[in-house]
Amino acid sequence: MRIFKQWVLAIALYLALVMEGTLSVYLQPALTYQHGRAGFLLLPIAVLIIAYEDERNEKEIWLALAAGVVADLYFWGIIGIYTFILPALSAFGRWYARVFPELFVFRLLGNIVAITVSCLYTWLVFRLIGWTDLALKAIGFSLLYTAGWTTGISLATYWLWAKLARSYPFLVDLDNLPVLMSNKKAASVKLTAFERIADLLGS
């Protein structure tokens, strides 16, 4: 059970990947409007929220990398889109959480900016490999529509990913954490006492 708790986030991200692929198909009429089409980016948003809520766990960037490789093979059949985007979002989220206030409105703005940049990167890769011939100005409405869906997904799922990130941090043994923290505290006290003795001898 202890090992399972450490892998809950990885399992949840895999389920998010499957849901993103499935819902993107079934929600196509809602995602398409006039000449634009929004992206249903559940997985990248999940990675961002996890990074916001557990910004000190450096192991989660490796989780994002692994999720990116699986997502690329699942969605595109090539590696280089989510494999780059998800670790970059994880690193951005950890930095963003340390710099900006811990308020939902700031987190939401961070999501919109990060997802927009991710969409631009995906468009650039597709242009380079010949998968799209759309010009940059032609995807403007799609970016705005994606920002709207990003807002909705963030509002609907933030509480879930925040709870998972806090309750089941990736590869962190929470059962042994109090013991480890008490050992560190005891070592710190011993070191402080030793330093005081050294100061007395030195004087």
Side-chain angles (χ1 to χ4, degrees), residues 9-53 61 63-93 96 100 104-162 164-165:
L9 270 185
I11 297 170
L13 286 181
Y14 175 76
L15 294 177
L17 183 155
V18 175
M19 287 184 63
E20 179 178 321
T22 303
L23 292 177
S24 294
V25 174
Y26 285 102
L27 293 175
Q28 276 191 7
L31 293 170
T32 305
Y33 182 74
Q34 294 183 356
H35 301 294
R37 186 181 187 280
F40 189 82
L41 304 177
L42 180 60
L43 182 60
I45 292 172
V47 169
L48 273 169
I49 297 172
I50 291 170
Y52 294 151
E53 297 298 327
I61 197 166
L63 174 61
L65 177 62
V69 172
V70 174
D72 275 346
L73 296 176
Y74 181 82
F75 289 122
W76 319 111
I78 62 171
I79 294 177
I81 301 174
Y82 271 3
T83 303
F84 174 79
I85 288 175
L86 295 189
L89 290 178
S90 181
F92 169 80
Y96 191 88
F100 290 90
F104 178 76
V105 63
F106 283 97
R107 301 286 168 87
L108 180 58
L109 289 174
N111 280 4
I112 293 172
V113 171
I115 294 300
T116 299
V117 174
S118 299
C119 290
L120 288 172
Y121 169 78
T122 303
W123 167 82
L124 179 61
V125 172
F126 284 179
R127 283 278 294 185
L128 291 175
I129 64 179
W131 282 12
T132 183
D133 57 357
L134 291 175
L136 180 59
K137 63 180 181 180
I139 66 171
F141 192 82
S142 294
L143 292 176
L144 290 175
Y145 204 25
T146 299
W149 273 90
T150 297
T151 301
I153 295 172
S154 299
L155 289 170
T157 64
Y158 194 101
W159 65 273
L160 173 62
W161 294 111
L164 290 174

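Computation of the quantities below employed the complete heavy-atom set of this structure, encompassing side-chain atoms and omitting hydrogens, waters and symmetry-equivalent molecules. Position 1 is the first residue of the sequence; numbering continues from there.
For the atom pair CD1 (I49) and OG1 (T157), the distance works out to 4.5 Å, reported to the nearest 0.5 Å. A distance of 8.5 Å separates CD in E20 from CD1 in I45, rounded to the nearest 0.5 Å. Atoms OH and CG, from Y96 and L109 in turn, are 5.5 Å apart once rounded to the nearest 0.5 Å. Going from atom OG of S118 over to atom CG of L89 covers 4.0 Å, rounded to the nearest 0.5 Å. Expressed to the nearest 0.5 Å, how far OG1 of T150 lies from CD1 of I115 amounts to 5.0 Å. With rounding to the nearest 0.5 angstrom, the CG atom of L48 is 8.0 Å from the OG atom of S154.
The two residues P87 and L65 make their nearest non-hydrogen contact at CG-CA, 3.5 Å. In this structure, Y82 and A71 approach most closely via the heavy-atom pair CD2-CB, 3.1 Å. The two residues T146 and R37 come nearest to each other via the heavy atoms OG1-O, 4.2 Å. Contact between F40 and S24 at its shortest, heavy atoms only, is CB-OG, 3.5 Å. Between M19 and L42 the shortest heavy-atom distance is CB-CD2, 3.9 Å. Residue S90 comes nearest to I61 through the heavy atom pair OG-CA, 3.8 Å, listed as atom of the first residue, atom of the second, then distance.
The aromatic rings of W149 and Y145 sit perpendicular, their planes meeting at an angle over 60°, well past the 30° parallel limit. Between Y121 and F84, the angle of the ring planes lies from 30° to 60°, which puts this pair in the tilted group. Ring planes of F104 and Y158: perpendicular class, angle over 60° (limits at 30 and 60°). Between F126 and W131, the two ring planes are tilted [angle within 30° to 60°].
Using a 4.5 Å heavy-atom threshold, the side chains of V47 and I85 count as separate. Side chains of I50 and L164 form no contact here, defined as non-hydrogen atoms less than 4.5 Å apart. The shortest distance between side-chain heavy atoms of L13 and L43 falls below 4.5 Å. Here the side chains of I129 and I78 are in contact, with some heavy-atom distance below 4.5 Å. By the 4.5 Å heavy-atom criterion applied to side chains, L136 and I139 are counted as neighbours. Residues C119 and L41 have side chains in contact (heavy-atom distance under 4.5 Å, counting atoms from C-beta outward).
Counting non-hydrogen atoms of other residues, nucleotides and ligands closer than 6.0 Å to OH of Y14 gives a total of 12 or fewer. Within a 6.0 Å sphere centred on CH2 of W159, heavy atoms belonging to other residues, nucleotides or ligands number 12 at most.
With L124 as the partner, the side chain to side chain contact (heavy atoms under 4.5 Å, CB included) test is satisfied by one option alone out of T122, L128, L120: L128.
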